[in-house]
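Basis for what follows: all heavy atoms, side chains included, without hydrogens, waters or symmetry-related copies. All of these numbers come straight from a predicted model, not from anything done at the bench. Reminder, nothing fancy here: chain letters follow the sequence lines and each chain counts from 1.
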Amino acid sequence: MAQISLTFPDGNAREYDAGVTPAEVAASISKSLSKKAISATVNGAHWDLQWPIDDNAQVAIHTLSDADQALELIRHDCAHIMARAVQDIWPDVKVTIGPVIANGFYYDFDRAEPFTPEDLGAIEKKMREIIALRDPVRTEVWARDRAIQHYKDSDEPYKVELIEAIPGDEPLRMYWHGDWQDLCRGPHLQHTGQVPADGFKLMSVAGAYWRGDSDRQMLQRIYGVAFANKGDLKKHLTMLEEAAKRDHRKLGREMDLFHFEDVAPGSIFWHPAGWRMFQSLIAYMRRRQDAAGYVEVNSPDIMDKSLWETSGHWQNYRENMFLAETQDDREYALKPMNCPGHMMIYNHGVRSYRDLPMKIAEFGKVHRYEPSGALHGLLRVRSFTQDDAHIYCTPEQLADECLKVNDLILSIYRDFGFEDVHVKLSTRPENRIGTEESWDRSEAALQTALETAGMSYSIFEGEGAFYGPKLEYVLRDAIGRDWQCGTLQVDSNLPERFKSTYVTPEGDRQAPVMLHRALFGSLERFTGILIENWAGKLPFWLAPRQVVVASIISDANDYVHDVVNALKAAGIQAEADIRNEKINYKVREHSLAKVPIILAVGEREVTDRTVTVRRLGEKQTSVTSLDEIVSELQKAATPPDLL
RNA sequence: GCUGCUGUAGCUCAGAGGUAGAGCACUCCCUUGGUAAGGGAGAGGUCGAGAGUUCAAUUCUCUCCAGCAGCACCA
């Protein structure tokens, strides 16, 4: 038998027979390693302990203390153990697929009756029994035909379909533990007992389409989370609780920011405090765009169908547009996008190369009939306000304009405390319009902007819009969640459809290049993200309510109004609370409403012209003169771009 | 849109085939209290909408509407 040389992480090499498995290698090193081993890395590939190694290789044996490999295997084995548990309890359930996902795993099943929350408990119990069996995991490579026949015999139609969808006739890998068997790429753990019995939890069951296709069978998906130990699981569950506490729908109610009604699903009723915050965002963005050379416009909300036919929206998105019925014979639609309106503004009159770049911005409210199941608080609504702008420029200006947008986005996100920003670059899809040269130019402009700015980005091949490539800006919030907000898209479609031109220095007419960009994206959505990011405790300049001045005794009520007036005169949002309640009561109520500053005034403060300051989250109070607190809060109320 | 679950007072929730209850919030009275709920009284609900079964439906059945979780979608 041929000899091969395996090199270990410490640099030492040893000779083995070709076809040796990592399990045998581990055994040759030590008995304890052989017991603890879970998998290996062979020449960079994650390798099952049972897979043979045929050539010289770099080999590392993993144990449960190698977090990356361990978590992947624990989660993957959990999915299989769950499927086995389900088929143990309900033998007629059909299995499909069960991959590893962030923090855990899922498995999709086909079963006529729905799984109930009680069922999840029973499945968990059965899983722990399987783990306790410490069943060895076994794997074999089967010919494709044999595998198909096997699944036909065992009446697992989904597995048959999966195999038939795998191209070529490469052999397939089968796995077993106990009598239970699944088709799987692997790798897997050594035995079921390596899954920590107290490190996983089944979370929920929900519908999911077979193969992600909404035209196909709806399956039942059971989600679970799994970690290396009980402590990590608990940490994760605590994080979920923390996220639930930050839910902007809950905070929106508690802080009295907005609400929804059945008569307008997906549309927001903004209350005074929420609307103030919303308007602060618009005011901020208006200043930033003004400074960056944008001009603001406003285009009609309802326009004739013919405009939407010209833009192409009618053909592509008619199902998702709100239509307006009127007494005349014309058909109108509520705008789902601002761009066609901006095209009309651009096209009104003759544009010269001297006018470019022309940056048209609008805080336009767009309406889209989103599928009912997609609606979610402020994050996915049917009518929302975009901080939308379109940049018309020459091909030569394109790269520079992309860079400018990128810089503006980053600078703005930084003002909101978002430093961790990732970009997704989506390139030309199969189904597209425009010349290869214009795609080359557009993609290069976006990529160059990212490179020049030193951005972290990933490329999504073929994911671009049919009219041009796009960037999507993803920011990470205070508890590590990612939110897609800004977007920058190059468009060679609309200028053509609307026959837009500019006069070149030579006196010719040429089509401008057009950029679509939104920085917050949807103002409504961004507001929701900010609420969740700050858990409702927004920075003072953005806080929906800033100051409550509360009287301790009714004799201080007049002075309360003096203080409120002084604050208001300084541009601070202040309210009086002179209700016939004790100060404890007032402090509790305003603290729960997350008002950042409570100023309490009683007999002493009236006499001394002072206030007692209580800051949200602090128990300690301090006494300050009225003048001092006004100037301090005035500074705190200044938006970051005006500091 | 699809699968499952849910819908009772402004909010959080209990309840039962014989037309409803709690706490908080609200109104009034007493209380003027120094930093997370002072006391008392009162008002408030076609039990999401419609239809069916029944002597009787808020409760059971169906349809619709809305919400929640996920999937699909997101110009």
Side-chain angles (χ1 to χ4, degrees), chain A residues 106 108 110-111 113-117 119 203-223 247 249-250 253-254 256 259-266 308 311-321 335-340 366 368-377 379-382 384 386 465-468 470 472 484 487 489 491 493-494 516 521-522 525 550-557 578-593 598-605 612-623:
Chain A
Y106 67 77
D108 288 347
D110 184 12
R111 177 184 180 224
E113 303 77 38
F115 290 111
T116 65
D119 290 342
M203 302 299 285
S204 61
V205 47
Y209 297 111
W210 169 234
R211 315 212 85 185
D213 184 343
S214 59
D215 290 333
R216 306 201 61 180
Q217 171 95 17
M218 176 67 77
L219 305 168
Q220 295 189 65
R221 173 172 300 177
I222 301 180
Y223 282 95
D247 190 315
R249 292 166 300 184
K250 179 172 176 281
R253 199 165 43 235
E254 290 169 2
D256 193 16
H259 83 277
F260 292 88
E261 297 276 352
D262 284 5
V263 290
W308 307 111
S311 70
H313 291 101
W314 192 262
Q315 297 84 323
N316 288 313
Y317 295 104
R318 190 189 191 310
E319 298 300 303
N320 299 306
M321 287 169 73
K335 65 176 172 187
M337 295 279 281
N338 297 303
C339 7
V366 296
R368 299 178 182 178
Y369 184 78
E370 302 285 5
S372 58
L375 302 179
H376 184 95
L379 301 182
R380 189 80 184 270
V381 290
R382 283 186 176 155
F384 59 98
Q386 292 180 313
F466 70 93
Y467 53 76
K470 63 181 176 185
E472 275 157 339
Q484 188 170 308
T487 177
Q489 307 181 14
D491 186 351
N493 178 43
L494 283 184
H516 304 247
S522 148
R525 177 176 151 86
S551 56
I552 296 168
I553 51 169
S554 55
D555 282 347
N557 287 356
I578 57 169
R579 290 175 303 169
N580 178 12
E581 295 292 351
K582 291 197 170 181
I583 191 64
N584 293 320
Y585 181 93
K586 296 182 183 180
V587 165
R588 174 182 155 82
E589 188 175 292
H590 301 307
S591 297
L592 287 174
I598 300 169
L599 301 179
V601 301
E603 196 180 349
R604 293 199 297 272
E605 289 81 359
T612 295
V613 186
R614 179 170 171 129
R615 293 165 209 277
L616 185 59
E618 293 178 18
K619 265 199 126 76
Q620 195 72 28
T621 59
S622 61
V623 179

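- Looking at heavy atoms from C-beta onward, A:S311 lies out of side-chain contact with A:M337 at the 4.5 angstrom threshold.
- Ranking B:G70, B:G34, B:U32 by closeness to the A:M218 side chain, first place goes to B:G70.
- Residue order along RNA chain B, read from the 5' end via each residue's closest nucleotide, puts A:L599 first among A:A206 and A:L599.
- The closest donor-acceptor contact from the side chain of A:Q620 to the backbone of A:R614 lies at 3.5 Å or more, if one exists at all.
- Backbone-only contact: A:P265 has heavy atoms under 4.0 Å from sugar-phosphate atoms and none from a base.
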Sort me out a list of protein N/O and nucleotides 37-42 of chain B N/O pairs below 3.5 Å, or just none if empty.
residue: B:A37; atom: N7; partner: A:R588; partner atom: NE; Å: 3.3
residue: B:A37; atom: N7; partner: A:R588; partner atom: NH2; Å: 3.2
residue: B:A37; atom: N6; partner: A:R588; partner atom: NH2; Å: 2.5
residue: B:A37; atom: N1; partner: A:R588; partner atom: NH2; Å: 3.4

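- Distances were taken from every side-chain heavy atom of A:A600 (C-beta onward) to each of B:A36, B:U35, B:G70; the shortest belongs to B:U35.
- Side-chain N/O atoms of A:T621 and base N/O atoms of B:U35 include no donor-acceptor pair closer than 3.5 Å.
- Looking at A:R525, its side chain has no donor and acceptor atom pair within 3.5 Å of the base of B:C74.
- One interatomic measurement links the two molecules: CG of A:N316 to P of B:C73, which rounds to 16 Å at whole-angstrom precision.
- The nucleotide B:C24 finds its pairing partner in B:G10, both defining distances of the Watson-Crick or G-U wobble pair being shorter than 3.5 Å.
- Across all strands shown, A:F115 has no heavy atoms under 4.0 Å from either base or sugar-phosphate atoms.
- The separation of B:G38 from B:G15, taken at their C1' atoms, amounts to 32 Å, rounded to a whole angstrom.
- Residue A:R614 is in base contact, counting any heavy-atom pair closer than 4.0 Å across all strands shown.
- Rounded to whole angstrom, the span from the CE atom of A:M337 across to the P atom of B:C74 amounts to 13 Å.
- Using a 4.5 Å cut-off on side-chain heavy atoms (C-beta onward), A:W308 and A:P340 make contact.
- Put simply, the side chain of A:Y467 does not reach to within 4.5 Å of the side chain of A:L494, judged on heavy atoms.
- Across all strands, A:H516 comes closer than 4.0 Å to no nucleic acid atom at all (heavy-atom distances).
- Nucleotides B:G18 and B:C28 place their P atoms 38 Å apart, quoted to the nearest Å.
- Within the 4.0 angstrom heavy-atom criterion, only backbone atoms of the sugar-phosphate kind lie near A:G212; the bases stay farther away.
- Using N1 to N3 plus N6-O4 or O6-N4 for Watson-Crick, or N1-O2 and O6-N3 for G-U wobble, each under 3.5 Å, B:U32 pairs with nothing.
- Taking atom CZ on A:R368 and atom C1' on B:C74, their separation rounds to 8 Å, with Å as the unit.
- Within 3.5 Å, a donor on the side chain of A:Y209 pairs with an acceptor on the base of B:G1, or the reverse.
- Taking CG from A:N557 and CD1 from A:I578, the interatomic distance works out to 4.5 Å, rounded to the nearest 0.5 Å.
- Backbone-only engagement by A:R253 is indicated by non-hydrogen atom pairs under 4.0 Å involving sugar-phosphate atoms exclusively.
- In this entry B:C71 has B:G1 as its Watson-Crick or G-U wobble partner, both defining distances falling under 3.5 Å.
- Distances from the side chain of A:Y369 to the nucleotides B:G1, B:A75, B:U12 place B:G1 closest.
- In this structure, the CE atom of A:M321 is 10 Å from the C1' atom of B:A75, given to the nearest Å.
- When the C1' atom is compared between B:A57 and B:C11, the two are found 28 Å apart, to the nearest whole Å.
- Distance NE2 (A:H590) to P (B:G34): 17 Å, rounded to an integer number of Å.
- Comparing the P positions of B:A14 and B:U35 gives a spacing of 37 Å, expressed to the nearest Å.
- Judged by the 6.0 Å and 45° rule, A:R221 forms a cation-pi pair with A:Y106.
- The side chain of A:A374 lies closest to B:C73, out of B:C73, B:A66, B:C71.
- With C1' as the reference atom, B:A20 and B:C47 are 8 Å apart, rounded to whole Å.
- Contact annotation for A:D215: no contact, since no heavy-atom pair falls under 4.0 Å across all strands.
- Nucleotides B:U12 and B:C55 place their C1' atoms 37 Å apart, quoted to the nearest Å.
- Straight-line distance from the CG atom of A:L592 to the C1' atom of B:U12: 14 Å, rounded to whole Å.
- Pair check for B:U58 finds none; no Watson-Crick or G-U wobble contact set falls under 3.5 Å.
- Side-chain atoms of A:Q386 and A:N338 include a donor-acceptor pair closer than 3.5 Å.
- Judged by the 6.0 Å and 45° rule, A:R525 forms no cation-pi pair with A:F384.
- At the heavy-atom level, A:E261 lies nowhere under 4.0 Å from the strands shown.
- The residue A:F260 sits apart from the nucleic acid: no heavy atom pair falls under 4.0 Å.
- Remark: A:E261 CD is packed, more than 12 non-hydrogen atoms of other residues, nucleotides or ligands lying under 6.0 Å away.
- The backbone N or O of A:R111 lies less than 3.5 Å from a partner atom in the side chain of A:Q220, making a donor-acceptor pair.
- An OP1 or OP2 oxygen of B:U27 is reached within less than 4.0 angstrom by no side-chain nitrogen or oxygen of A:R579.
- The OH atom of A:Y223 sits 17 Å away from the P atom of B:U3 (whole-angstrom rounding).
- A donor-acceptor pair under 3.5 Å links the side-chain atoms of A:K586 to the main chain of A:S551, judged by distance alone.
- Among the atoms of the strands shown, none is found under 4.0 Å from any heavy atom of A:L219.
- With hydrogens and angles ignored, a donor-acceptor pair closer than 3.5 Å exists between the side chain of A:E605 and the base of B:G34.
- Between the side chain of A:T612 and the base of B:G34 there is at least one donor-acceptor pair of N/O atoms closer than 3.5 Å.
- Distance noted for atom P between B:G42 and B:G4: 48 Å (whole Å).
- Across all strands, A:R318 comes closer than 4.0 Å to no nucleic acid atom at all (heavy-atom distances).
- Two residues, A:G373 and A:A465, neighbour RNA chain B, and the one matched to the more 5' nucleotide by heavy-atom proximity is A:G373.
- For the residue pair A:T116 / A:D119, a side-chain donor-acceptor distance below 3.5 Å is found, with atom types taken as modelled.
- As judged by a 4.0 angstrom heavy-atom cut-off over every strand, A:K619 is placed among residues touching the sugar-phosphate backbone only.
- Nucleotide B:U53: unpaired (no Watson-Crick or G-U wobble partner with both distances less than 3.5 Å).
- The base of B:A72 has none of its N or O atoms less than 3.5 Å from a complementary donor or acceptor on the side chain of A:R211.
- Straight-line distance from the NE2 atom of A:H259 to the C1' atom of B:G67: 14 Å, rounded to whole Å.
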